Asks: 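Have a look at this one before I ask anything.
Here the structure is a predicted model, which is why all the values come from computation and not from measurement.
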Amino acid sequence: QVRLVESGGGLVQPGGSLRLSCAASGTIFSINDMGWHRQAPGKERELVAIISSGGSTNYVDSVKGRFTISRVSASNTVYLQMNSLKPEDTAVYYCSAVFVVIGRQWGQGTQVTVSS
């Protein structure tokens, strides 16, 4: 069994920064893609950023140039550095990872609120 545990959410003013972390634990053979998704009230969950096992990244257009995804494979951890935050970035952010054999698993989510 594996777990994904997120941390780093909170309340920040517009223009501020936050760094989200997500650590995978348990019996892990290998992880393919790791990513961050978000879901705002009344909206569908959307992919924010994804990083492959080889380090290739992709971002949703609305966060390009502001957010950076990274991972440390040795510790099975993925990060999301969020800069120049806007009120429309307010959402619950979920970490996901595609594990070999068991497929995609999700974290419990962490709230990010951007407000003055």
Side-chain angles (χ1 to χ4, degrees):
Q1 187 171 351
V2 299
R3 289 184 65 201
L4 293 171
V5 179
E6 299 114 332
S7 62
L11 173 64
V12 64
Q13 292 187 343
S17 298
L18 282 174
R19 188 189 193 211
L20 304 183
S21 301
C22 173
S25 62
T27 303
I28 299 171
F29 296 102
S30 183
I31 302 176
N32 294 324
D33 293 348
M34 300 186 81
W36 289 95
H37 310 247
R38 66 187 179 188
Q39 187 165 19
K43 295 188 177 181
E44 293 186 354
R45 188 175 298 189
E46 67 169 348
L47 175 65
V48 175
I50 192 166
I51 183 166
S52 71
S53 57
S56 297
T57 59
N58 275 296
Y59 299 89
V60 67
D61 286 346
S62 60
V63 308
K64 286 180 179 177
R66 300 187 298 121
F67 291 10
T68 303
I69 189 171
S70 60
R71 68 189 282 177
V72 178
S73 295
S75 60
N76 297 313
T77 303
V78 63
Y79 303 95
L80 185 68
Q81 178 66 43
M82 305 185 293
N83 298 329
S84 302
L85 282 160
K86 304 176 181 180
E88 51 263 44
D89 294 318
T90 295
V92 178
Y93 284 70
Y94 297 90
C95 166
S96 77
V98 179
F99 295 87
V100 172
V101 177
I102 65 173
R104 185 177 298 279
Q105 303 296 308
W106 295 89
Q108 80 285 357
T110 185
Q111 177 69 47
V112 171
T113 302
V114 184
S115 175
S116 55

Asks: Would you say E6's side chain and C95's backbone share a donor-acceptor pair under 3.5 angstrom?
Replies: yes
Asks: Determine whether V100 and I28 fall in the same hydrophobic cluster, where Ile, Leu, Val, Met, Phe, Trp and Tyr are linked whenever their side-chain heavy atoms lie under 4.5 Å apart.
Replies: yes
Asks: Do L4 and V2 land in one hydrophobic cluster if side-chain heavy atoms of ILVMFWY residues count as linked below 4.5 Å?
Replies: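 The answer is yes; both residues are in one hydrophobic cluster.
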Asks: What distance separates S96 OG from D33 CG, expressed to the nearest 0.5 Å?
Replies: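 That separation rounds to 8.0 Å.
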Asks: Does the cation-pi check pass for R71 over Y79, that is, NZ or CZ under 6.0 Å from the six-membered ring centre and within 45° of its axis?
Replies: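 Pair R71/Y79 does not count as cation-pi.
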Asks: Is there a donor-acceptor contact under 3.5 Å from the side chain of T90 to the main chain of V114?
Replies: yes
Asks: Just checking, any donor-acceptor pair under 3.5 angstrom between side chains of T113 and S115?
Replies: no
Asks: Rounded to the nearest 0.5 Å, what separates atom CE in M34 from atom CG in N76?
Replies: 6.5 Å
Asks: Is the Lys NZ or Arg CZ of R38 less than 6.0 Å from the centre of Y94's six-membered ring, within 45° of the axis?
Replies: no
Asks: Considering non-hydrogen atoms only, spot the tightest contact between A40 and A91 and give its length.
Replies: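 Between these two residues, the closest heavy atoms are N-CB, 3.8 Å.
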Asks: Can you get from V98 to I69 by hopping between Ile, Leu, Val, Met, Phe, Trp and Tyr side chains that sit under 4.5 Å apart?
Replies: no
Asks: Does V92 share a hydrophobic cluster with V112, counting links as ILVMFWY side-chain heavy atoms below 4.5 Å and allowing steps through other members?
Replies: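 Hydrophobic grouping puts V92 apart from V112.
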Asks: On a heavy-atom basis, which atom in W36 and which in S21 lie closest, and how many Å separate them?
Replies: CH2-O, 3.6 Å
Asks: Would a hydrophobic clustering, with Ile, Leu, Val, Met, Phe, Trp and Tyr connected at side-chain separations under 4.5 Å, put L20 with I51?
Replies: yes
Asks: Could you pull out all residues at least two apart from R66 that satisfy salt bridge (Lys or Arg N to Asp or Glu O under 4.0 Å)?
Replies: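 By the salt bridge (Lys or Arg N to Asp or Glu O under 4.0 Å) rule, R66 matches D89.
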Asks: Hey, are the side chains of D61 and Y59 touching, using non-hydrogen atoms and a 4.5 Å cut-off?
Replies: no
Asks: Strictly by modelled atom types, are S53 and N32 linked by a side-chain donor-acceptor pair under 3.5 Å?
Replies: no
Asks: Can you name the closest pair of heavy atoms from A49 and L80 and give their distance?
Replies: CB-CD1, 4.2 Å
Asks: Working to the nearest 0.5 angstrom, can you tell me the gap between N83 CG and F67 CZ?
Replies: 8.5 Å
Asks: Using a 6.0 Å cut-off, check whether atom CD of E88 has over 12 heavy atoms from anything other than its own residue.
Replies: yes
Asks: If you count every heavy atom of other residues, nucleotides or ligands that lies below 6.0 Å from R3 atom CZ, does the total exceed 12?
Replies: no
Asks: Do you know which two heavy atoms are closest between S84 and S17, and how far apart they sit?
Replies: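 Closest approach of S84 to S17: N-OG, 4.4 Å.
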Asks: Within the side chain of T77, is there an N or O that forms a donor-acceptor pair under 3.5 Å with the backbone of S75?
Replies: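 The answer is yes, because a donor-acceptor pair under 3.5 Å joins these two groups.
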Asks: Kindly determine whether W106 and H37 satisfy side-chain contact (heavy atoms from CB on, under 4.5 Å), including the steps that lead there.
Replies: CA-CA 10 Å; W106 295 89; H37 310 247; 3.4 Å; yes
